[in-house]
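Below you'll find the structure, written out as structure tokens, and then a few comments.
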Protein chains: 2
Amino acid sequence: MPDEQRPRRPATMKDVAAAADVGLGTVSRVFSNNGKVAASTRQRVEEVAARLNYRPSALGRGLKLSTASNIGLLVTDISNPFYGEFAEGLLGAANAIGHHVILCATGEDPATEREYVDLLLQERVGGIVAFPTSENRELWRSAQDLGTRVLFVDRTVPGIEAACLSVDHQAGARSATEHLLALGHRRIGYLGGPDRLTSGSMREAGYRRAHADVDVGVDERLVVRTRFTRETAYASAVRLLDAPDPPSALFVGNNVLGEAALTAVRDRGLSVPDDISLVMFDDVSWAKLVDPPVTVVAQPTRQLGAMAARTVLTARPEAQQLLLPPQLVVRRSTAAFYG
Amino acid sequence: MPDEQRPRRPATMKDVAAAADVGLGTVSRVFSNNGKVAASTRQRVEEVAARLNYRPSALGRGLKLSTASNIGLLVTDISNPFYGEFAEGLLGAANAIGHHVILCATGEDPATEREYVDLLLQERVGGIVAFPTSENRELWRSAQDLGTRVLFVDRTVPGIEAACLSVDHQAGARSATEHLLALGHRRIGYLGGPDRLTSGSMREAGYRRAHADVDVGVDERLVVRTRFTRETAYASAVRLLDAPDPPSALFVGNNVLGEAALTAVRDRGLSVPDDISLVMFDDVSWAKLVDPPVTVVAQPTRQLGAMAARTVLTARPEAQQLLLPPQLVVRRSTAAFYG
DNA sequence: TTGAAAGCGCTAACAC
DNA sequence: GTGTTAGCGCTTTCAA
């Protein structure tokens, strides 16, 4: 008995055409679903194709149409649950319109970003959905010049006109801060990301705006910006808590920072919300799981992802802004302050 | 002043060749880095290419070589932090060897899985790394017949010989259960996934094995299998806790189940570990954040992902098993039981 | 070391 | 309705 036959070479359209005794065009019409094909012919072709284990090559098709039908997703860290949620939403919507998603994680590193975008451009993706570092202006311009749709999420790149999808960070931060101010807090710490990032600076602006609205001054020693790594975030949180005249409340800019802050608070032996109130941007699963559950600014993360998938392929370079409202979810990590 | 020039059509190798006044082959040699090219020629070509904003088309290249240099990753839910960690590890390693990753999420649905694998096959990916549902045998066989490398992770598909990478679920579950038994627990609940999944049945086997080793019987009413959705998991956890003679300890099979169990325990007004001890498979970030921190069986998740990337493209169909050891991390959710 | 040419699998335009 | 054909952008002989 001979070796089981394992075709090294996948069947091509030509093979199918020959086996079904029809022309190449006919097979193409069957699989691309346009043009007329007699029902009987179609059936015969499909049978033959199934027998040959034929799958149309996206490579051949893409080359001919000179575009691949997939989209690139550029996040900073897919193990961050926020990006996980976003990706899940994006994936579902992309699949619904028949597009594959190529995933890239930059780790906030501009060089890695450059490398990945270059590769996506080589793949001739139809569009790129990105949480960009704020660098690489030339690169993004090249991408647009090449005809690749670009949709930024949460952040922008100075000098680049591109569609941008985002939650209203400023409004979210403002409502969180207002919540704390209304509870009587006057010394509210802010732990945020690098202000080079749009989302970070908008959140900080919201925090300041809320203070200004009620004529409370911001103590600059209580405003700390840090990179999104566990170590630096933790160190920054500690610095905030150890300030000479420490804050009675803390507003943290995302879930990674929130983890760090919560850990630091615990390590300090402080209790939430008795010693310090806590509000976090992003409603990740653990916010409800810890004790007390954390008051958060919730983003419609999954919808954001789905919307990105639906938007990116039609994104016009003329800056188009899509702003979704976030929502304050009050839980038990925030309490009234009696000075 | 005329409109800024935005080439609708990306420059091709031919354009570069013409502009640099060399042959097509020469340009190809420059960018594919094989064959000899004079240094001066190379430089000229590179300059011209940069000026034209040229990027080699992966489509053309893939068609010619009849394989795309990317790999498909098929998870069930990328918003699950376990898959996020895994993907992060995979991405890093794949990037290091110059491969793109196409991400797919099945939601444990065989039909969705079929759809995605079909698409990956059409894309002519070099390999597929999958956490498969246990169905679709024919599909996986087709994939292998087409010459696509397949690497299963954590699970297998009946009837398919494929390389499989996994943590030693049985050993992990066993050590978790032994830990509880050593603490004096005799009624240990098990909340696991569907036993159709290899990982689930291995974990259950480990749980049973630990009992057998010390001659403690397993009360079948304390063994509950559930789907990985929040609702069903929560309902199952409640059922376990409300059993007539409830368990004094609980071993849960993954982080989603763990979330559900913890929530159910809280809603029941029980306290951990006084009323019930808890061990979970997967060391996700919130395990350290909740109070008390949860004892877990930690997987080297990121390494698993990196190893998958490095393995998949050489994976031989002859079943090859790679088993990594998990590690019990004792924290404060488990305590001695004094019957 | 370089140029010319064939062809990878597919689509679309055209002829029948 | 269906067959034929000309490329899409690239790699790779084969000559020069």
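What's counted below: heavy atoms across the whole structure, side chains too, no hydrogens, waters or symmetry copies. Naming convention: chains lettered A, B, ... in sequence-line order (proteins, then strands); numbering from 1 in each chain.
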Exercise. May I have the step-by-step check of side chain to side chain contact (heavy atoms under 4.5 Å, CB included) for A:Tyr83 and A:Leu73, ending in yes or no?
Key: CA-CA 10 Å; A:Tyr83 294 113; A:Leu73 171 60; over 6 Å; no
Exercise. Give a yes or no answer on whether the side chain of B:Arg310 reaches the backbone of B:Ala93 with a donor-acceptor pair at less than 3.5 Å.
Key: no
Quiz item: To the nearest Å, how far apart are A:Lys14 NZ and D:dG3 C1'?
Solution: 15 Å
Practice problem: Using the side chain to side chain contact (heavy atoms under 4.5 Å, CB included) rule, take B:Asn95 and A:Tyr116 through it: C-alpha gap first, then chi angles, then the decisive distance, then the call. | Solution: CA-CA 8 Å; B:Asn95 188 232; A:Tyr116 270 126; 3.2 Å; yes
Quiz item: Hey, is the side chain of B:Arg61 poking within less than 4.0 Å of OP1 or OP2 on D:dT11, counting only N and O atoms?
Solution: yes
Could you list the protein-to-nucleotides 1-4 of chain C atom pairs, N/O on both sides, closer than 3.5 Å?
{"residue": "C:dT2", "atom": "OP1", "partner": "B:Thr41", "partner atom": "OG1", "Å": "2.4"}
{"residue": "C:dT2", "atom": "OP2", "partner": "B:Ala38", "partner atom": "N", "Å": "2.8"}
{"residue": "C:dG3", "atom": "OP1", "partner": "B:Gly23", "partner atom": "N", "Å": "3.3"}
{"residue": "C:dG3", "atom": "OP2", "partner": "B:Gly23", "partner atom": "N", "Å": "2.6"}
{"residue": "C:dG3", "atom": "OP2", "partner": "B:Thr26", "partner atom": "OG1", "Å": "2.5"}
{"residue": "C:dG3", "atom": "N7", "partner": "B:Arg29", "partner atom": "NH2", "Å": "3.3"}
{"residue": "C:dG3", "atom": "O6", "partner": "B:Arg29", "partner atom": "NH2", "Å": "3.0"}

Practice problem: Rounded to the nearest angstrom, tell me the gap between atom CG in B:Leu63 and atom P in C:dG7. | Solution: 14 Å
Quiz prompt | Value rounded to 0.5 Å, distance of NE2 in B:His100 from CG in A:Asn70 | solution = 9.5 Å
Practice problem: Can you tell me the distance, in whole Å, between the CD atom of A:Gln43 and the C1' atom of D:dG1? | Solution: 17 Å
Quiz item: What's the closest nucleotide to the B:Lys64 side chain, out of C:dA12, C:dG9, D:dG9?
Solution: D:dG9
Quiz item: Please give, in whole Å, the distance from C:dC10 P to B:Glu123 CD?
Solution: 13 Å
Self-check item: Nearest-Å distance for atom pair CE/C1', residues B:Met13 and D:dT11
Solution: 8 Å
Exercise. Using modelled atom types only, decide if a donor and an acceptor are shared between the side chain of B:Ser66 and the backbone of B:Leu63 within a distance under 3.5 Å.
Key: no
Quiz item: What is the distance from CG of B:Leu59 to C1' of D:dG7, rounded to the nearest Å?
Solution: 15 Å
Quiz prompt | Sugar-phosphate, base or nothing in reach of B:Leu65, heavy atoms under 4.0 Å | solution = sugar-phosphate
Exercise. Would you indicate what A:Ser28 reaches in the nucleic acid, counting non-hydrogen atoms under 4.0 angstrom: base, sugar-phosphate, or nothing?
Key: base
Self-check item: Residues, nucleotides or ligands: over 12 heavy atoms within 6.0 Å of A:Arg196 CZ
Solution: yes
Self-check item: Within 6.0 angstrom of A:Asp109 CG, more than 12 heavy atoms from elsewhere
Solution: yes
Exercise. Write down the distance between CZ (A:Arg124) and C1' (D:dC10), rounded to a whole number of angstrom.
Key: 11 Å
Practice problem: Give me the bend of the helix from C:dT1-D:dA16 to C:dC16-D:dG1, using the axes of the five pairs at each end, rounded to 10°. | Solution: 40°
Exercise. To the nearest Å, give me how far apart CG (A:Leu52) and P (C:dG9) are.
Key: 14 Å
Quiz item: Are the side chain of A:Glu85 and the backbone N or O of A:Arg302 linked by a donor-acceptor pair below 3.5 Å?
Solution: no
Exercise. Working to the nearest 0.5 Å, report the span between OG1 of A:Thr133 and CG of A:Leu139.
Key: 9.0 Å
